[in-house]
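Scroll down for the structure; my scribbles are underneath it.
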There are 2 protein chains.
Amino acid sequence: MPLGTDYAGQDCSLATALEIVGERWSLLIVRDAFLGVTRFSYLHRRLGISKAVLTQRLGSLVDAGVLERRRLDGHDAYTLTPSGEALWPAVHALIRWGDATTSPAGPRRLFRHVTCTADLDASGRCPDCGVTPGAADIETRPGPGARTDPPTDPPTDPVSRRLREPHRLLVPLRG
Amino acid sequence: MPLGTDYAGQDCSLATALEIVGERWSLLIVRDAFLGVTRFSYLHRRLGISKAVLTQRLGSLVDAGVLERRRLDGHDAYTLTPSGEALWPAVHALIRWGDATTSPAGPRRLFRHVTCTADLDASGRCPDCGVTPGAADIETRPGPGARTDPPTDPPTDPVSRRLREPHRLLVPLRG
DNA sequence: CGCCGTGGTCTGTTCATCAGACCAACTGCC
DNA sequence: GGCAGTTGGTCTGATGAACAGACCACGGCG
């Protein structure tokens with residue numbers, strides 16, 4: 001459930017979904033996994049979450065089959081399973097709602113279909129070809145509502161800086 | 001944030017969205033508002049949430065412009081604002097993911113476009129006419145994965161029983 | 001007038017989160 | 001091989017949120 005206990009006895013798939021990804025930080029971890037942030041230390045720094053809680057969340061997401069842990073370039077990496085990738089429509093819808101609700105300057109981040117180079121519409125469809133691409137076929141880049149790099153402190157960390165360059169979803173950041 | 005504090009300094013619309021609807025219970029309250037459950041006492045009973053927390057969540061959702069409180073039939077009713085209705089794609093996507101992940105018997109609840117009587121697809125579109133209807137044009141009914149009414153105790157409360165009959169979203173339950 | 005439902009507030013307890021110290025294993029690097 | 005730094009954690013004590021349940025003011029109804 002979100003937050004530490006469960007939504008017992010609810011005959012509703014939203015409740016069961018929230019039992020898995022509704023806890024504090026869980027969806028932000030999943031978002032970062034879509035963006036390619038897969039390493040414990042990167043997540044720790046980028047999210048500003050305590051290590052104990054991060055350990056716990058990663059463990060429950062792995063147990064739930066949303067993430068899997070593997071070795072990549074000599075480090076542990078937490079990457080999305082097919083079930084985790086299936087969260088993309090929900091993550092995208094929440095991002096769009098957040099943009100519409102809290103970002104008058106426009107989306108903070110844009111997503112486009114790599115084969116058509118057209119930005120996705122609000123429901124996640126490619127307006128050119130009409131398909132609703134999976135995360136693997138989507139490229140992201142900052143949008144008009146993105147905060148411009150603050151020139152002074154806090155000096156943004158290298159991982160967040162690399163996320164400002166256009167890149168494909170699901171591809172783990174290297175180095 | 002979900003859960004009591006905030007996701008400070010995140011330049012991400014998902015984080016800002018979760019600050020509003022990511023707390024424990026918030027999205028379940030919004031779901032019930034889509035289903036027509038708008039009264040304090042109904043929410044209290046259906047969700048099994050403590051009254052103090054329900055009061056707090058309703059207050060912050062009203063403050064955030066997701067719900068509005070009004071008088072209806074001599075009672076208070078918390079209904080969705082346009083901003084709250086815009087959460088439908090996110091709520092629908094999470095329900096679909098929960099169905100796919102935790103309900104092998106099929107969706108626990110089905111949604112169809114009232115003008116076409118066709119069930120929505122995974123991305124929320126009507127397969128007949130191709131539009132992505134808003135919540136006001138959607139009718140819901142139990143699906144194959146719904147738990148059949150437990151014949152013995154706990155005797156289900158009247159509100160949940162009425163939610164098993166097909167009905168349109170956003171229409172407050174009366175009586 | 002008494003009674004019930006509605007929409008809450010208040011209390012004390014339990015549980016989660018927090019920041020930060022600490023640590024074992026592994027990575028280069030020479 | 002020896003040393004330092006990074007990685008991926010665990011453990012601690014303090015803070016804050018959620019819990020169940022008692023309590024309460026108001027309005028409607030007979």
Side-chain angles (χ1 to χ4, degrees), chain A residues 1-10 15 18-19 22-29 32-33 37-63 67-79 157-159 172-175, chain B residues 1-10 15 18-19 22-29 32-33 37-63 67-79 157-159 172-175:
Chain A
M1 74 27 322
L3 340 160
T5 154
D6 69 335
Y7 294 126
Q10 304 248 344
L18 291 176
E19 286 182 14
E23 281 174 304
R24 187 148 151 76
W25 303 114
S26 294
L27 271 183
L28 293 177
I29 292 169
D32 271 12
V37 181
T38 60
R39 285 170 54 171
F40 186 96
S41 54
Y42 291 173
L43 290 166
H44 174 53
R45 282 243 297 285
R46 249 175 68 78
L47 299 177
I49 177 179
S50 95
K51 289 169 145 200
V53 176
L54 180 55
T55 300
Q56 193 176 308
R57 286 294 174 280
L58 289 171
S60 54
L61 288 172
V62 168
D63 288 348
L67 297 179
E68 64 186 340
R69 179 184 180 169
R70 22 190 252 205
R71 281 253 133 187
L72 190 71
D73 301 336
H75 303 290
D76 290 357
Y78 292 90
T79 56
D157 69 293
V159 174
L173 294 182
R174 304 259 166 172
Chain B
M1 74 22 0
L3 340 160
T5 153
D6 69 335
Y7 294 124
Q10 303 249 346
L18 292 176
E19 287 182 13
E23 282 173 306
R24 186 150 152 76
W25 303 113
S26 294
L27 271 183
L28 293 178
I29 293 169
D32 271 13
V37 180
T38 60
R39 285 169 57 168
F40 187 96
S41 54
Y42 291 174
L43 290 165
H44 174 53
R45 283 242 297 284
R46 248 175 70 76
L47 299 176
I49 177 179
S50 96
K51 289 169 144 197
V53 176
L54 180 56
T55 300
Q56 195 176 307
R57 287 294 174 278
L58 289 170
S60 54
L61 289 171
V62 168
D63 288 349
L67 297 178
E68 63 186 341
R69 177 185 182 169
R70 20 189 253 204
R71 281 254 135 188
L72 191 71
D73 301 332
H75 303 290
D76 289 356
Y78 293 90
T79 57
D157 69 291
V159 174
L173 294 183
R174 304 260 166 172

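Residue numbering restarts at 1 for every chain, and letters A, B, ... go by the order of the sequence lines. Please read these numbers as outputs of a predicted model, since none were measured by experiment.
- We find that CD1 of B/Ile49 is positioned 12 Å from C1' of D/dA17, with the value rounded to whole Å.
- The side chain of B/His75 lies closest to C/dT6 when the candidates are C/dT6, D/dA18, D/dG9.
- Per the geometry, CG belonging to B/Asp73 stands 16 Å off C1' belonging to C/dG7, to the nearest Å.
- The side chain of A/Tyr42 places no N or O atom within less than 4.0 Å of a non-bridging phosphate oxygen (OP1 or OP2) of D/dT6.
- Closest approach of B/Leu43 and B/Ile49 over heavy atoms only: O-CG2, 4.2 Å.
- Rounded to an integer number of Å, the gap from B/Asp76 CG to D/dA25 P is 18 Å.
- Across every non-hydrogen atom of A/Ala33 and A/Leu67, the tightest pair is CB-CD2, 4.2 Å.
- Judged by the 6.0 Å and 45° rule, A/Arg39 forms a cation-pi pair with A/Tyr42.
- Closest to the side chain of A/Arg39, from the set C/dG8, D/dT7, D/dA18, is D/dT7.
- In terms of phosphate contacts, B/Tyr78 brings a side-chain nitrogen or oxygen within less than 4.0 Å of OP1 or OP2 of C/dG8.
- Scanning all heavy atoms of the two residues, the minimum distance from A/Lys51 to A/Phe40 falls at O-CZ, 4.0 Å.
- You'll find that the side chain of A/Lys51 is closest to C/dA21, out of C/dA21, C/dG7, C/dC18.
- Using a 4.0 Å heavy-atom cutoff across all strands shown, A/Ser41 reaches sugar-phosphate atoms only and no base atom.
- The CZ-P distance, from B/Arg45 to C/dG5, rounds to 10 Å in whole Å.
- Between A/Val53 and A/Gly74, the one whose closest nucleotide on DNA chain C sits nearer the 5' end is A/Val53.
- Taking atom CZ of A/Arg70 as the reference point, atom P of D/dT7 lies 19 Å away to the nearest angstrom.
- Atom-to-atom, CZ of A/Phe40 to C1' of D/dG8 comes out at 6 Å; the value is rounded to the nearest Å.
- Look at CD on A/Glu23: it is 14 Å from C1' on D/dA17, rounded to the nearest Å.
- The two residues B/Leu61 and B/Ser26 have their closest heavy-atom pair at CD1-O, 4.1 Å.
- At distances below 3.5 Å, not a single donor-acceptor pair connects side-chain atoms of B/Arg46 with backbone N or O atoms of B/Val37.
- Phosphate contact (OP1/OP2 of D/dA17, side-chain N/O of A/Arg24, threshold under 4.0 Å): absent.
- Between B/Thr55 and C/dT9 there is a side-chain N or O to OP1 or OP2 distance below 4.0 Å.
- Side-chain N/O atoms of B/Arg69 include none lying less than 4.0 angstrom from OP1 or OP2 on C/dG7.
- Positionally, the nearest nucleotide of DNA chain C for B/Ala77 lies more toward the 5' end than for the other of B/Ala77 and A/Arg71.
- OP1 or OP2 of D/dA18 has at least one side-chain nitrogen or oxygen of B/Gln56 nearer than 4.0 Å.
- As rounded to whole Å, 8 Å separates atom P of D/dG9 from atom CG of A/Leu54.
- For B/Trp25 and D/dA17, the shortest distance from a side-chain N or O to OP1 or OP2 is not below 4.0 Å.
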